[in-house]
Every structure is written in structure tokens, then in C-alpha cells.
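Following: one structure in C-alpha cells, then a few remarks.
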Amino acid sequence: MSLLIVGTVAFDALETPFGKTDKILGGAATYIGLSASYFTKKSNLVSVVGGDFPQENIDLLNKHNINTKGLQIKADGKTFFWSGKYHTDMNTRDSLVTELNVLADFDPIVPDEYQDCEFLMLGNLVPTVQMKVLNQLKTRPKLVVMDTMNFWMDVDMENLLKTIAKVDVLTINDSEARQLSGEYSLQKAAKKILAMGPNYLIIKKGEHGALLFNKDQVFFAPALPLEEVFDPTGAGDTFAGGFIGYLAETRDLSFENMKRAVIYGSAMASFCVEKFGTERLIGLSREDVETRIQQFVDLVQVDISLVY
Ligand code: AMP
């Protein structure tokens, strides 16, 4: 088994109703990799950073079994920078700054030792870069999961659609599903998006959970009601990391197992939002994860018999 992760490795500056951070470690691939590390023994990263990216961040990724051989370091460039501000309900946010920096002309190179990849996570990134990585693999992975966001719908819809057509699972949030499909009803949106190519669609609804669709079935997982939500940044990526990490470890791609993977993804996302940035995803124990999963099971389990 091997999991290949592509996505941004970034500096984020965040503002939520509970506080503000200056440039901290962020990026879609960072959250995905940290989250997946609780399931897979090893993952491989393809991304790019600038000369301003501290070695201690790379050490942190390596400590979480993330191979950084495919992380290009552009000594003269600056790391991708994103700044976001959350509204009071924490379900919506404004992107204040998106500086592509080294991402603007990033040419991904998949190292030879990554070629055994069976599970590919195309984290949020320039759609043509996502496509280039997929095209560099000599054997198509068993499962390709892709995440994206409204930014790429606004600036490069044409290439985004080409990439979406090639993947097995697409994960997006509810407003992005509406933007991509032009449909308000998520059921209708799902139908249209599945017709674009993927066999599965996951629509993330923040504190209102997540929906998993395939052509004939739909599954809903709630989000865990939490007392403390400090910062939702990276929750979607953390979800994706837990989802694909669990699938890569169990190697079962049935709809039933995807449902379990959605619960694992949701459990990991519930940790992510409890602290700023990646802080809560560092140093979780196996027991922490298992206890959280049990809370999910308890939340949704009901014995019911139909009364006529
Ligand atoms: P999420 O909250 O799951 O949507 O992910 C937030 C992460 O996505 C942050 O750490 C950002 O660095 C990263 N990010 C923000 N904008 C973009 C973008 N346009 N492309 C790729 N990654 C982004």
C-alpha cells in the first residue's frame, strides 16, 4: 500500500471570533498528511515551498511518517500564503489574501520511489498540477480522491472540469457543489456532478456533517456537536486525510466501507477545529481517535422497529 498526497504546503494567517494568528503552518497537503498519519504507516508528499519555509516544519511532517522527497524547495521563492477570516457563525469565511508565490509556476515531479502509489489524494491545488501528477503515474492508482475549492472554480473552471473527469471521488463543500452544478438542491447538484465523471461525491457541510453520494445511494454522517470550536481551517482537508487514510489501510472500496471512512474523516475533522491551525492534529493517541469514533457511533446509533 502506498498513499500519495498532492496539495499546498502553506503559511496561513487566520482570524476567527476567538483570536488571530500570524503566519503559521498550513496548506491542504499538510492537514491531509497529518490526518492520514493516524491510519497509514507511510505517505508520500508532492508539493512546493519557498526558501522561507522552516526546516522544523519539514521535520514535523517527517515525524508523522510523511515522506518529503517530492517536496520541492525553491530557495529564492516564497511559500504559498493564504489568509482567511471567519464570520461569527464559523461556517462561512472570507479569503483575504491568496498569494500563489512558488505555486504560480510549480511543475510537480513524482519521484520514482512514489510510483507504487495505489491511493492518490489530489488535495486542493492548481487543477493542472493535480492533473500532471495523475498523468505521471505509470499505473493508475486503485483510488483517486480529489478536493478543490471555489477559488479554482473562479479562476480555472475549464481545467478543473478536465481534472474532475479523471477522479473516483470528489470532495467539496455545499456552496462549492452549488457553484459547480448551478443547482441549489444538493441532491440535484450531486446528480450533475456525478455525471461529470466521479463515481462518488462527498459534500461537506461544516458543522452540519457530510453527505456521500454514488449513483444509487446516499449516506449522511453528522458532525460531532463540540463545545469548543476555535478554528475550522483545514477541517475539509483533515476530513479527506482521514477518509483516504482509512481506505488505504483497510483496502476495501465498497460503499459500506466508504461510509466508515466518512465517519473516520469526520472524527479527524472534529479534532482539527478544536485548536488553531494544525495544533490539535499533532500527537493524538490511538485511544484519542478510537474514543472519538465511539462518540460518533453513539451519536447516530438507534434501535428502531417499524410500527404499522
Ligand atoms: P480548508 O479549511 O479545508 O478549506 O483548508 C484550508 C487550507 O487550504 C489552508 O491551510 C490554506 O493554506 C489552503 N488553501 C487556501 N486557499 C487555497 C487554494 N486556493 N488552493 C489550495 N490551497 C488553499
Side-chain angles (χ1 to χ4, degrees), residues 5-16 21-36 45-50 53 57 61 78-87 90-104 106 108 121-130 133 145-157 159-160 163 170-177 179 202-207 210 223 229-244 265-266 268-281:
I5 299 168
V6 188
T8 43
V9 173
F11 286 132
D12 291 345
L14 311 169
E15 190 174 341
T16 83
T21 67
D22 206 4
K23 287 189 173 183
I24 57 170
L25 172 65
T30 306
Y31 285 100
I32 293 166
L34 291 176
S35 178
L45 172 68
V46 167
S47 192
V48 64
V49 291
F53 196 70
N57 285 348
L61 298 176
K78 280 172 71 184
T79 300
F80 172 76
F81 173 65
W82 176 77
S83 161
K85 182 177 176 177
Y86 289 84
H87 300 167
M90 302 266 257
N91 280 326
T92 48
R93 72 180 177 206
D94 295 323
S95 285
L96 304 178
V97 182
T98 302
E99 284 174 13
L100 294 179
N101 298 330
V102 288
L103 208 62
F106 175 42
M121 180 69 228
L122 298 174
N124 188 13
L125 193 72
V126 190
T128 49
V129 172
Q130 293 176 316
V133 170
V145 180
M146 171 186 178
D147 185 48
T148 189
M149 75 187 289
N150 54 349
F151 180 83
W152 303 112
M153 294 176 197
D154 295 337
V155 304
D156 198 5
M157 185 62 111
N159 284 309
L160 182 66
T163 312
L170 178 68
T171 72
I172 43 177
N173 70 30
D174 45 356
S175 66
E176 290 156 353
Q179 182 173 350
I202 294 174
I203 300 182
K204 299 166 287 178
K205 291 158 58 82
E207 66 170 327
V229 175
F230 276 103
D231 170 23
T233 307
D237 307 310
T238 304
F239 172 94
F243 176 80
I244 198 162
S266 305
M268 294 312 293
S270 76
F271 285 118
C272 175
V273 303
E274 286 179 331
K275 290 201 173 154
F276 269 104
T278 56
E279 205 182 328
R280 186 74 172 107
L281 295 179

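Atoms within each ligand, like the ligands themselves, are counted from 1 in listed order. Position 1 is the first residue of the sequence; numbering continues from there.
- The protein heavy atom nearest to atom 18 (C) of ligand 1 is Met149 SD, 3.5 Å.
- Formation of a donor-acceptor pair under 3.5 Å by the Gln130 side chain with backbone atoms of Gly123 is found in this model.
- Near Gly236, meaning under 4.0 Å from one of its heavy atoms, ligand 1 places the atoms 3 (O).
- Nearest protein heavy-atom neighbour of atom 20 (N) of ligand 1: Trp152 NE1, 3.2 Å.
- In this model, a donor atom of one side chain and an acceptor atom of the other lie less than 3.5 Å apart for Gln179 and Asp154.
- For the residues Tyr31, Phe81, Trp82, the heavy atom positioned nearest atom 15 (C) of ligand 1 is part of Trp82.
- For ligand 1 and Ala10, the ligand atoms under 4.0 Å from any heavy atom of the residue are 12 (O).
- For an aromatic pair to be called close, the ring centres must be under 6.0 Å apart, and Phe11 with Phe53 satisfies this.
- Under the 3.5 Å distance criterion, with hydrogens and angles disregarded, no donor-acceptor pair is assigned to the side chains of Thr233 and Tyr31.
- With Asn101 contributing its side chain and Thr79 its backbone, the two residues share a donor-acceptor pair below 3.5 Å.
- For ligand 1, the polar-atom distance check finds an N/O of Gly27 within less than 3.5 Å of one of the ligand's N/O atoms.
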Q) After noting the C-alpha distance and the side-chain angles of Met149 and Trp152, does the key distance pass the side-chain contact (heavy atoms from CB on, under 4.5 Å) rule? A) CA-CA 6 Å; Met149 75 187 289; Trp152 303 112; 4.0 Å; yes
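- Within ligand 1, counting atoms from 1 as listed, the ones closer than 4.0 Å to a heavy atom of Gly26 are 10 (O).
- Looking from atom 19 (N) of ligand 1 to the surrounding protein, the closest heavy atom is Phe151 CD2, 3.3 Å.
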(Q) As a quick check of understanding, evaluate side-chain contact (heavy atoms from CB on, under 4.5 Å) for Leu61 and Thr30, giving each step before the final call. (A) CA-CA 8 Å; Leu61 298 176; Thr30 306; 4.1 Å; yes
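- At the shortest separation from atom 22 (N) of ligand 1 among protein heavy atoms lies Thr8 OG1, 3.0 Å.
- For Asp231 and Thr16, the side-chain atoms include no donor-acceptor pair closer than 3.5 Å.
- At the top of the distance list for atom 12 (O) of ligand 1, counting protein heavy atoms only, stands Asp12 OD1, 2.6 Å.
- Residue, atom and distance of the protein heavy atom nearest to atom 4 (O) of ligand 1 are Arg93 NH2, 2.9 Å.
- Using a 4.0 Å cut-off between heavy atoms, Lys204 makes no contact with ligand 1 at all.
- Of the listed residues (Phe11, Phe239, Phe80), the one carrying the non-hydrogen atom nearest atom 14 (N) of ligand 1 is Phe80.
- Nearest protein heavy-atom neighbour of atom 23 (C) of ligand 1: Asn124 ND2, 3.6 Å.
- Heavy atoms of Ala235 found under 4.0 angstrom from ligand 1 belong exclusively to the backbone.
- With respect to atom 7 (C) of ligand 1, the closest heavy atom belonging to the protein is Asp237 OD2, 3.6 Å.
- Side-chain contact between Leu34 and Thr238: absent, with no pair of heavy atoms (C-beta onward) separated by less than 4.5 Å.
- Between Cys272 and Ala235, the shortest heavy-atom contact is SG-N, 3.8 Å.
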